[in-house]
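Data block below; observations after.
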Amino acid sequence: MDDFVFVSGRLSLDLAGTLLWRRSRRIELLRSPDDLGRWIRQAGLLDAPGPLDPRALSRTCRLREAVYALVRAWPPTPAADDEVREALAEVNEAARLPLPRHQLDEGGRLIRTGGVDEVLGAVARDAVGLLGGSDFARVRECLNEDCTRLFVDLSRSANRRWCGMAECGNRHKVANYRKRRQQAAR
């Protein structure tokens, strides 16, 4: 079952998007180590993440929150608060972890192996690349007032408004359609 969405354009932002609606009802998508394993597979990081425990889940969620805090506060000012400094340290520490191992089997099929350290290393390095690269200028937050998902707007016109059409964009379109119909019926 594919229950995670990967619409952010960056691995680190897709992980940050596993906590939905941060300003209101806060929906946690990584509720268990099994959820984390599914996210890792669906993100294409590892083929078989191996046994994951509550500590692995906690470490991943801590990195997720650090990425989100950094992207929202980037670039940090000299007077950055403790939360931003701690988030930067968390991301930098994770970026020093190893990356998933990629190999080919005898049939030419890609095999991706590793554990939670490799997952955290890949996510953190993606965040470092995003924050230190030119794509950061195109980071946006979904315009749905309840949604807090971040994404990189890679559209040619640089005017993408929604994290994804399947959820937020369609909701907006349906709401506008209903509003127009109500106004026309008056």
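Both backbone and side-chain heavy atoms feed into the values below; hydrogens, waters and symmetry mates do not.
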* Structure fact -> All heavy atoms of Phe136 vs all of Leu131, minimum pair found to be CE1-CD2, 3.7 Å
* Arg160 side chain to Trp162 backbone, donor-acceptor under 3.5 Å -> yes
* Cluster question for you: counting only ILVMFWY and a side-chain heavy-atom cut-off of under 4.5 Å, with indirect links fine, are Leu19 and Val7 together? -> no
* Asked: Donor-acceptor pair, Asp35 side chain versus Ser32 backbone, under 3.5 Å?
  -> yes
* To do: Would you check, one step at a time, whether the test side chain to side chain contact (heavy atoms under 4.5 Å, CB included) holds for Thr60 with Leu52?
  => CA-CA 11 Å; Thr60 304; Leu52 297 167; over 6 Å; no
* Verify same cluster id: Trp39, Ile27 (apolar side-chain graph, 4.5 Å) -> yes
* Asked: If only atom types and distance count, is the side chain of Thr18 paired as donor or acceptor with the main-chain N or O of Leu30 below 3.5 Å?
  -> no
* Can you find a heavy atom in the side chain of Val91 that is under 4.5 Å from one in the side chain of Leu63? -> yes
* Should Val139 and Val128 be counted in the same cluster of Ile, Leu, Val, Met, Phe, Trp and Tyr side chains packed under 4.5 Å apart? -> yes
* Same cluster for Val71 and Phe151 if Ile/Leu/Val/Met/Phe/Trp/Tyr side chains link at under 4.5 Å? -> no
* Nearest-0.5 Å distance, CG of residue Leu104 to CD1 of residue Ile111 -> 8.5 Å
* Structure fact -> Here the gap from Asn144 atom CG to Arg161 atom CZ, rounded to the nearest 0.5 Å, amounts to 11.0 Å
* Write down the atom of Ala69, the atom of Glu83, and the distance for their closest heavy-atom approach. => CB-OE2, 3.8 Å
* To do: Take Val84 and Leu70 through the side chain to side chain contact (heavy atoms under 4.5 Å, CB included) test and state the conclusion after the steps.
  => CA-CA 6 Å; Val84 173; Leu70 272 184; 4.1 Å; yes
* CG/Asp47 to CZ/Arg41 distance, rounded to the nearest 0.5 angstrom? -> 10.0 Å
* Side-chain ion pair, Glu118 and Arg112, N-O less than 4.0 Å -> no
* So, Arg23 side chain and Cys147 main chain: donor-acceptor pair closer than 3.5 Å or not? -> yes
* Asked: What heavy-atom pair brings Asp153 and Ser155 nearest, and what distance separates the two atoms?
  -> OD1-OG, 2.6 Å
* Considering only NZ, NE, NH1 and NH2 on the basic side and carboxylate oxygens on the acidic side, decide whether Arg85 and Asp82 come within less than 4.0 Å. => yes
* To do: Given side chain to side chain contact (heavy atoms under 4.5 Å, CB included), test Leu45 with Leu11 step by step and report yes or no.
  => CA-CA 9 Å; Leu45 288 168; Leu11 177 65; 3.7 Å; yes
* Shared hydrophobic cluster for Leu154 and Val5 (ILVMFWY, side-chain gaps under 4.5 Å) -> no
* Asked: Within the distance-only criterion (no hydrogens, no angle test), does the side chain of Asp14 pair as donor or acceptor with the backbone N or O of Ser8 below 3.5 angstrom?
  -> yes
* Does Glu86 pair with Arg62 as a salt bridge, N-O distance under 4.0 Å? -> no
* Once you round to the nearest 0.5 Å, how far does CG of Leu20 lie from SG of Cys142? -> 11.0 Å
* Around Glu28, counting heavy atoms of other residues, nucleotides and ligands shown, do more than 12 lie under 6.0 Å from its CD? -> yes
* Asked: Would you say Arg125's side chain and Ala95's backbone share a donor-acceptor pair under 3.5 angstrom?
  -> yes
* Asked: Does the side chain of Asp53 reach to within under 4.5 Å of the side chain of Val116, using non-hydrogen atoms?
  -> no
* Can you measure from CG (Asp117) to CG (Leu97) and round to the nearest 0.5 angstrom? => 5.0 Å
* Indicate the atoms forming the closest heavy-atom contact of Trp21 with Cys168, along with that distance. => CH2-SG, 4.4 Å
* **Trace of the salt bridge (Lys or Arg N to Asp or Glu O under 4.0 Å) decision for Arg72 with Glu141** => CA-CA 9 Å; Arg72 298 279 306 184; Glu141 183 176 74; 2.6 Å; yes
* Short side-chain to backbone donor-acceptor contact, Asp126 and Ser12, under 3.5 Å -> yes
* Can you name the closest pair of heavy atoms from Val67 and Ala127 and give their distance? -> CG2-CB, 4.0 Å
* Is the side chain of Gln42 donor-acceptor paired with the backbone N or O of Phe4 at a distance under 3.5 Å, no angle test? -> yes
* To do: State the CZ-CD distance between Arg64 and Glu90, to the nearest 0.5 angstrom.
  => 12.5 Å
* Side-chain heavy atoms of Pro49 within contact of Val119, under 4.5 Å -> no
* Exercise: identify the closest heavy-atom pair between Arg101 and Gly114 -> NH2-CA, 3.5 Å
